[in-house]
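Here's the structure, in structure tokens; my notes come after.
Just so it is clear, the values below take in all heavy atoms, side chains as well, and ignore hydrogens, waters and symmetry mates.
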Amino acid sequence: MLLAGVLAAGCCVVSPGSEAEAGDGHAPAWTKDAVLYEVNIRQYSEEGTFEAFSENLDRLWEMGINTLWFMPIHPISETNRAGTLGSYYSVSDYRGINPEFGTVDDFRALADKAHEMGFHIILDWVANHTGWDNAWITEHPDWYTQKDGKIISPEGMGWNDVADLNYDNEEMRKEMIECMRYWVTEFDIDGFRCDYAPGVPADFWAQARTELEKEKPLFFLEEDLGGQNGKLLEEAFDCNYSAKFYESLIHVAHNNKTADKLRLYRLSMPEGDFPMYYLDNHDANSYDRTLAEGFPPETLASMWAVIFTMPGIPMVYSGDEITYDHRIAFMEKDPIDWSAVTWDASGLIAQLSALRKECPALQAGAEGAVMEDIKLDDKNLLAFRRTAGDSTALCLFNLSRDESPEIDLTEIVTGGDSVVLSGKEGNWSEGGETPGGTYTFAPWEFMVLVG
């Protein structure tokens, strides 16, 4: 099996912080080697249905994907709808299925098939607001934030297609939790990606997690684009967005920042942080830049290697495997053209997923794990070693378009270190020659060594 011969020697399990525990006390065991894939059902195919997406499960499994994050699958409100088809995040019925995607039986069939294959499933959950024709609007107007006697949209956000929920109302909280429980008990859902999580009180998320985990262990991913919200991680969540790290990677890819800024950023994360690392997501793609716009082709191999080897969980968005160079419309039908391959990352993602699965060093969360940052004599070099017991994993990156000066690796690379994956300027291969003594890194060169 890929990399098995070298990996049999063993590696380390490492925490996201310097010596912090990843998801300590929360995250289910299956998250240790999770590779997330964000599924945009509407745009995934011409049909845009659960049934059409299910035909891709074998391909995704072969690519090493083992966790599917579905963008909201609920019916979308028609009142005050944005665009022709509306935003997924304007929910009219928390227990319903968007008819655009199929029926409840279609989703059940997809969920059952995915679970049987070994996938875990998390649903996008929108708890901060509902659409304007959600039944709660007329049946329970007190469940919403009001101003001058009228229900309002979230203030200062520009989201006029949704109505702001009032978390001072205990009955609304209870019903929201019961709606979440429905998907856990009826479809065996394994967790939730919680949209705009900081907009909802932290004690609600703690309350929800306590109640829902009476059914099964769950994974909670927090969307917090403003940075790491330590309180939410302490209260309820296993994992959050590495939004600032992502933006820094963009700057590094265009030579506007040096790699040492990534190290400094990571060290600034709060203790216990457990990030989701990514090169793209639905918001970034639709409103900011495509993956191809963010990362020139010569940088992509090293950038994928960075997010798969950093502590935390890597995530791939729909179309990233072909580096789809198109800003996918959010409110209109705009299916991915799977023939429009800009840079094929599927093979690399498969190799990195296998390495992550077979090498505990690159997995998330373990007691006593250590993340050691290594400072080299070049600001463009990112280096770190992850250690647990007698096992180690050493990751070396030149994140620059320039060749590095000669670097003395005598004290860094040991006789027991073997290269299992390496690459430079957009090309990669399994294995590689282990560097010794002084070494000059080519532009965008990286190495993953285990010992």
Side-chain angles (χ1 to χ4, degrees), residues 1-17 20-39 57-69 114-122 190-191 193 216-221 237-240 242 273-279 304-317 320-321 345-371 384-389 391-395 420-421 430 448-450:
M1 188 175 179
L2 178 66
L3 306 175
V6 176
L7 294 176
C11 304
C12 64
V13 182
V14 189
S15 61
E21 295 308 319
D24 188 24
H26 279 306
W30 58 263
T31 61
K32 71 180 187 295
D33 64 354
V35 178
L36 269 64
Y37 189 89
E38 184 184 4
V39 182
L57 291 178
D58 287 335
R59 177 182 65 84
L60 294 174
W61 186 259
E62 290 171 3
M63 199 166 69
I65 304 299
N66 55 23
T67 306
L68 302 173
W69 152 22
H115 277 134
E116 288 169 7
M117 291 179 65
F119 289 99
H120 289 89
I121 297 174
I122 65 173
D190 301 294
R193 177 268 187 187
K216 63 182 287 190
L218 296 169
F219 172 63
F220 272 60
L221 167 62
F237 288 91
D238 304 308
C239 189
N240 57 3
S242 60
D273 191 30
F274 184 23
M276 178 188 75
Y277 290 101
Y278 56 91
L279 302 181
W304 280 116
V306 166
I307 70 165
F308 269 80
T309 55
M310 290 292 289
I313 292 181
M315 190 275 283
V316 182
Y317 178 49
D320 282 357
E321 59 267 51
S346 57
L348 177 59
I349 292 171
Q351 285 184 275
L352 288 165
S353 297
L355 177 58
R356 179 178 168 80
K357 182 177 179 63
E358 296 175 28
C359 178
L362 300 176
Q363 296 174 359
E367 288 189 26
V370 174
M371 171 76 168
F384 53 88
R385 186 187 299 274
R386 301 174 63 176
T387 305
S391 300
T392 65
L394 175 64
C395 302
V420 294
L421 189 65
E430 182 178 339
V448 181
L449 304 90
V450 301

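- Distance check: Leu352 CG to Leu421 CG gives 5.5 Å after rounding to the nearest 0.5 Å.
- Atom CZ of residue Arg193 and atom CE of residue Met315 lie 8.5 Å apart, to the nearest 0.5 angstrom.
- Checked against side chain to side chain donor-acceptor pair (under 3.5 Å), Glu321 has the following partners two or more places apart in sequence or in another chain: Tyr37, Arg59.
- Among residues two or more places apart in sequence or in another chain, the side chain to side chain donor-acceptor pair (under 3.5 Å) test is passed with Trp69 by Asp124.
- Here the straight-line distance linking atom CG of Leu57 with atom CG of Leu68 works out to 6.5 Å at 0.5 Å rounding.
- Rounded to the nearest 0.5 angstrom, Ile307 CD1 and Ile313 CD1 are separated by 12.0 Å.
- The shortest non-hydrogen separation linking Cys359 to Val450 is SG-CG1, 4.1 Å.
- With sequence neighbours excluded, no residue forms a salt bridge (charged side-chain N to carboxylate O under 4.0 Å, His left out) with Arg356.
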Subject >> side chain to side chain contact (heavy atoms under 4.5 Å, CB included) between Val316 and Trp304, intermediate numbers included >> reply: CA-CA 10 Å; Val316 182; Trp304 280 116; 3.9 Å; yes
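- Rounded to the nearest 0.5 angstrom, Glu62 CD and Ser346 OG are separated by 10.0 Å.
- Asp190 contributes a side-chain N or O that, together with a main-chain N or O of Ile121, makes up a donor-acceptor pair within less than 3.5 Å.
- Residues Phe119 and Ile65 form a side-chain contact, since some pair of their non-hydrogen atoms from C-beta on lies under 4.5 Å apart.
- Heavy-atom minimum distance, Arg386 versus Gln363: NH2-O, 3.0 Å.
- Residues passing the side chain to side chain contact (heavy atoms under 4.5 Å, CB included) test with Asn66 are Asp33, Ala34, Val35, Trp61, sequence neighbours excluded.
- Taking CG of Leu221 as the start and OG1 of Thr31 as the end, the distance is 11.5 Å to the nearest 0.5 Å.
- Listed by chain and residue number, nothing satisfies the salt bridge (charged side-chain N to carboxylate O under 4.0 Å, His left out) test with Asp320 (two or more places apart in sequence, or in another chain).
- Of all heavy-atom pairs spanning Phe308 and Ser353, the tightest one is CE2-OG, 3.6 Å.
- Applying the ring pair (Phe, Tyr, Trp, His ring centres under 6.0 Å) criterion to Phe219, with sequence neighbours excluded, gives Trp30.
- By the 4.5 Å heavy-atom criterion applied to side chains, Pro275 and Asn240 are counted as neighbours.
- Residues Thr309 and Phe384 have side chains in contact (heavy-atom distance under 4.5 Å, counting atoms from C-beta outward).
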